[in-house]
Amino acid sequence: MSAFETAILGLGPQLAAHVLLAASAIALGIAVALPAAVWASRSPNVARIALGFASLVQTIPALALLALFFPILLSLRVVFGEGLPTLGFLPALLALALYALLPILRNAVTAQANLDPGVLEAADGVGMTSWQKLRLVEAPLSAPFVMAGIRTASVWTIGAATLATTIGQPSLGDPIFAGLQTQNWALVLAGCVASAGLALIVDSLLGLIERGLALRKPTLWLGGFAVVALGIVAALWAQFGDRDEDRIIIGSKQFSEQYILAQLIGSQLEKSGYSVEYRTGLGSAVGYSAVKSGDIDILVDYTGTIWTNQMKRSDNPGRAQMLDQITQWQDANGGPHVVGRLGFENAYGLAVRQDLAETRGLNSIEDLVAIAPQLTIGGDPEFFERPEWIAVREAYGLRMSEKRNFSPTFMYNALKSGEADVISAYTSDGRIAADNLVILDDPREAFPGYDAIVLASNSFASDPGKLRALEPLIEAIDVDAMRKANLMVDREQDKQSPTQAAQELARIIGL
Amino acid sequence: MAVSSSQSPNHEQPPLIRFAQVERHYGSVTAVAGVDTAIAKGSFVALVGASGSGKSTLLKMINALEVPSRGQVEFAGEDVTTLAPPALRRRIGYVFQGIGLFPHMSVGENIAIGPRLGGENLPAARVAELLELVELEAEMATRMPDELSGGQRQRIGVARALANAPQLLLMDEPFGALDPITRDALGNSVRHLHDRLGLTTIMVTHDMAEALLLADRVLVMDSGKVVADEAPRALLRGEGGGIAQGLVAVPREQAERLAVMKEAGDSGAENGAERPAETSRDAPVQNGDQAR
């Protein structure tokens with residue numbers, strides 16, 4: 001079976017989640033838009049305000065709208081209490097429903113405005129109450145146009161729902177984001193084909209309903225409705241039918257190592273009899289908030305990231321000290337529980353080609369200082385703004401001749417092609433071994449530690465059985481093993497999926 | 001002014017409709033500028049006037065499609081603004097130029113809509129009877145409005161207005177959009193129905209000929225006021241004042257010219273020098289039409 005077939009056949013849970021999310025968002029959109037349209041048809045001011053608001057919402061990029069609901073819901077916790085979810089289904093539902101408003105509202109308002117005035121006068125003339133007029137005349141005559149709006153909204157929503165992945169809601173965006181990050185095009189294609197296919201099927205079904213309403217053929221539109229309802233019921237059943245309430249949710253950020261470790265942890269928990277599901281492709285800050293709030297149970301994070309981003313520290317007390325202080329800080333702040341170190345670091349490190357290291361005798365950053373003015377350094381887009389770079393520059397007095405920004409993938413290519421002599425590599429990156437790169441030592445400990453640590457939500461951490469299941473992973477993965485697994489996913493040739501790489505990693509570390 | 005100069009003959013009965021100092025203003029625009037008159041049960045009244053004279057507004061104040069700015073309109077002794085509009089309208093038949101058949105309902109459903117609003121299911125036999133009243137086949141009930149001609153649609157409109165067996169039939173330019181032959185036929189049908197069902201009918205029209213031929217009382221409106229209130233014969237005798245006579249003059253002149261033309265045609269080729277020239281000019285066009 002090809003990688004694409006494997007990928008697309010494994011999308012069942014994501015498809016079910018996607019269908020339910022999109023259907024709920026459209027339903028909520030309809031529930032808000034139709035009464036608003038009726039109100040708007042009775043008052044031009046309401047029409048102006050409602051359409052203006054819906055158009056304004058439409059100008060916000062969908063990704064931003066989804067992300068905006070995190071702080072909004074977080075601030076609403078003051079009103080609704082700590083139980084209000086800030087990630088996952090609720091914010092995705094709200095953002096997508098807002099997005100679905102405009103086409104439904106606009107079509108419904110336009111349909112009402114274009115009703116034959118003679119028919120409306122007749123409705124009044126024969127003595128209809130305004131409710132009877134709505135039910136017997138306006139609604140049936142507007143229905144085909146309203147349906148056209150719902151159809152447009154549905155296609156948009158199904159497409160935009162792929163973005164819900166970034167805020168921790170499973171969707172057909174999972175394979176797309178995972179594939180983009182790991183440059184696994186079979187995964188990207190599988191996600192795109194699935195969501196486009198879903199959109200096309202829904203579009204033609206709703207088109208059928210629209211035509212049935214326009215031609216006043218009840219069999220046509222009732223048939224269409226029945227198929228749509230069947231699809232939603234099937235998705236509900238798939239999602240909740242055999243649902244294990246005690247499912248452990250494992251999160252991952254948006255790069256290969258994270259996808260692999262999530263799978264490794266997942267299979268480890270499954271071995272101990274727990275059922276798991278994944279929320280992959282979370283933004284870095286979103287992932288941390290999610291494990292803190294309990295929206296996900298497990299996340300692999302890095303000590304340096306928490307140190308700088310959450311604790312706002314810029315000093316470097318050394319790896320062991322740092323982990324201790326983080327653990328204490330988390331416990332004191334009700335934050336996620338630190339289960340332990342995985343055993344490797346994914347730190348920033350300065351890497352050079354082996355031939356340069358040999359000819360110039362480079363072993364540590366101290367060796368680099370003398371020849372730095374002749375060399376070009378390449379970094380990822382944020383590196384030169386980060387405190388780590390400033391710390392290294394100051395600690396060693398590095399004066400490079402030129403700084404260049406590259407996307408992470410191109411950074412390694414730039415080093416190979418000689419466009420950069422030194423790069424800010426990630427120390428667990430598989431390409432370090434594959435490209436025969438040398439990571440320069442950091443004797444002055446200017447780079448903070450980036451120990452990979454397992455974070456667990458408080459509810460997970462309160463279950464000793466679950467913690468025991470993770471024990472075999474603690475301090476078990478050395479950096480060479482991690483690099484090998486990362487390379488399987490990142491390399492151009494013979495690319496493997498994160499799941500396959502996780503299996504290989506488990507084999508290497510003897511699980 | 002000639003207002004109220006000729007009240008209908010049956011003084012002993014209370015009027016079905018009474019307008020008491022009725023005015024209707026839209027901002028600074030005055031549509032109805034003080035109308036004070038009554039309409040007796042059983043009469044067929046035509047409201048005639050130019051566009052913008054206020055005749056439609058006055059009519060629509062009876063079934064509360066318009067609300068008076070001042071004064072009051074009484075229907076069967078009750079101020080219409082004190083009644084719930086839907087209930088009031090279900091007691092009054094309403095036919096208008098736009099017809100407004102519900103395009104998603106069959107002819108039968110359109111006719112039955114009034115009773116249905118009041119919770120009554122109109123039996124098929126009654127629908128057939130109403131169709132027969134407007135001279136249509138009972139089988140028409142299953143057709144959809146877009147399958148009908150304009151004249152048939154307005155006949156259905158009349159049948160729909162009569163479904164609740166109303167005492168009062170309001171007609172707002174009911175035949176305005178129809179061709180002259182259909183228009184004439186429908187006018188006669190409505191007059192016949194009026195007599196047969198003992199209705200009180202108020203018809204707004206800008207066509208004085210139609211008013212004179214169908215109504216037994218003609219109210220002429222100008223700038224929101226009733227400027228003449230006469231029986232058709234009185235108008236033809238020259239009563240009712242300048243504005244009314246200006247309106248009467250049009251059909252009268254047309255009739256006279258037609259009569260002259262007919263005489264000329266009857267008396268052979270006396271005027272022949274003029275007519276053949278015109279027909280020969282028209283001839284190629286007519287041939288062209290026939291060729292199509």
Side-chain angles (χ1 to χ4, degrees), chain A residues 34 37-38 41-45 107-108 110-150 207-225, chain B residues 56 59-60 62-67 83-106 109-120 122 144-146 150 153-154 156-164 166 169-174 176-177:
Chain A
L34 291 189
V38 171
S41 73
R42 311 289 196 252
S43 154
N45 277 334
N107 273 43
T110 310
Q112 292 257 334
N114 288 341
L115 287 179
D116 178 359
V119 168
L120 295 180
E121 185 175 347
D124 287 329
V126 298
M128 290 190 189
T129 61
S130 67
W131 170 244
Q132 286 171 328
K133 188 171 158 186
L134 181 66
R135 189 168 58 88
L136 298 173
V137 178
E138 290 168 299
L141 292 180
S142 301
F145 304 98
V146 172
M147 204 57 224
I150 291 174
L208 198 69
I209 297 173
E210 183 188 334
R211 227 165 27 156
L213 288 170
L215 299 175
R216 305 194 179 100
K217 289 196 173 142
T219 45
L220 213 55
W221 62 264
L222 283 175
F225 266 125
Chain B
S56 275
L59 182 85
K60 288 177 181 176
I62 300 170
N63 65 352
L65 289 173
E66 296 280 352
V67 180
L83 304 171
L88 170 72
R89 291 173 194 150
R90 287 206 292 272
R91 292 162 60 197
I92 300 174
Y94 180 60
V95 177
F96 63 106
Q97 182 169 358
I99 306 177
L101 293 187
F102 302 117
H104 56 303
M105 297 181 190
S106 69
E109 289 169 324
N110 263 284
I111 291 175
I113 190 73
R116 179 180 164 192
L117 296 176
E120 182 196 339
L122 208 62
M144 295 304 282
D146 59 8
R153 277 185 223 173
Q154 192 55 294
I156 307 292
V158 173
R160 179 174 68 182
L162 296 175
N164 265 333
L169 184 61
L170 302 181
M171 309 182 91
D172 188 2
E173 305 267 12

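Here is the naming used below: chain letters follow the sequence lines, and residue numbers restart at 1 for every chain.
Gly100(B) and Ala122(A) make their closest contact through O-CB, 3.0 Å (heavy atoms, listed as atom of the first residue, atom of the second, distance). The minimum heavy-atom distance between Val119(A) and Pro103(B), with the atom names listed, is CG2-CD, 3.9 Å. Across all their heavy atoms, Gly127(A) and Pro86(B) have their closest contact at O-CB, 3.4 Å.
Shown here is Phe145(A), whose CZ atom has no more than 12 heavy atoms of other residues, nucleotides or ligands within 6.0 Å.
Ala163(B) meets the side-chain contact (heavy atoms from CB on, under 4.5 Å) test with Ile111(B), Pro115(B), Leu122(B), Leu130(B); sequence neighbours excluded.
Of the atoms belonging to Ile99(B), it is backbone heavy atoms, and not side-chain ones, that fall under 4.5 Å from chain A. Looking at Leu136(A), the atoms closer than 4.5 Å to chain B (heavy atoms on both sides) sit in the backbone and in the side chain alike. For Leu101(B), the part sitting under 4.5 Å from any heavy atom of chain A is the backbone (N, CA, C, O) and nothing else.
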Between chain A and chain B: donor-acceptor pairs at under 3.5 Å:
from: Glu121(A); atom 1: OE2; to: Tyr94(B); atom 2: OH; distance (Å): 2.5
from: Gly127(A); atom 1: O; to: Arg90(B); atom 2: NH1; distance (Å): 3.1
from: Gln132(A); atom 1: NE2; to: Leu117(B); atom 2: O; distance (Å): 3.2
from: Leu136(A); atom 1: O; to: His104(B); atom 2: NE2; distance (Å): 2.6
from: Arg216(A); atom 1: NH1; to: Pro103(B); atom 2: O; distance (Å): 3.4

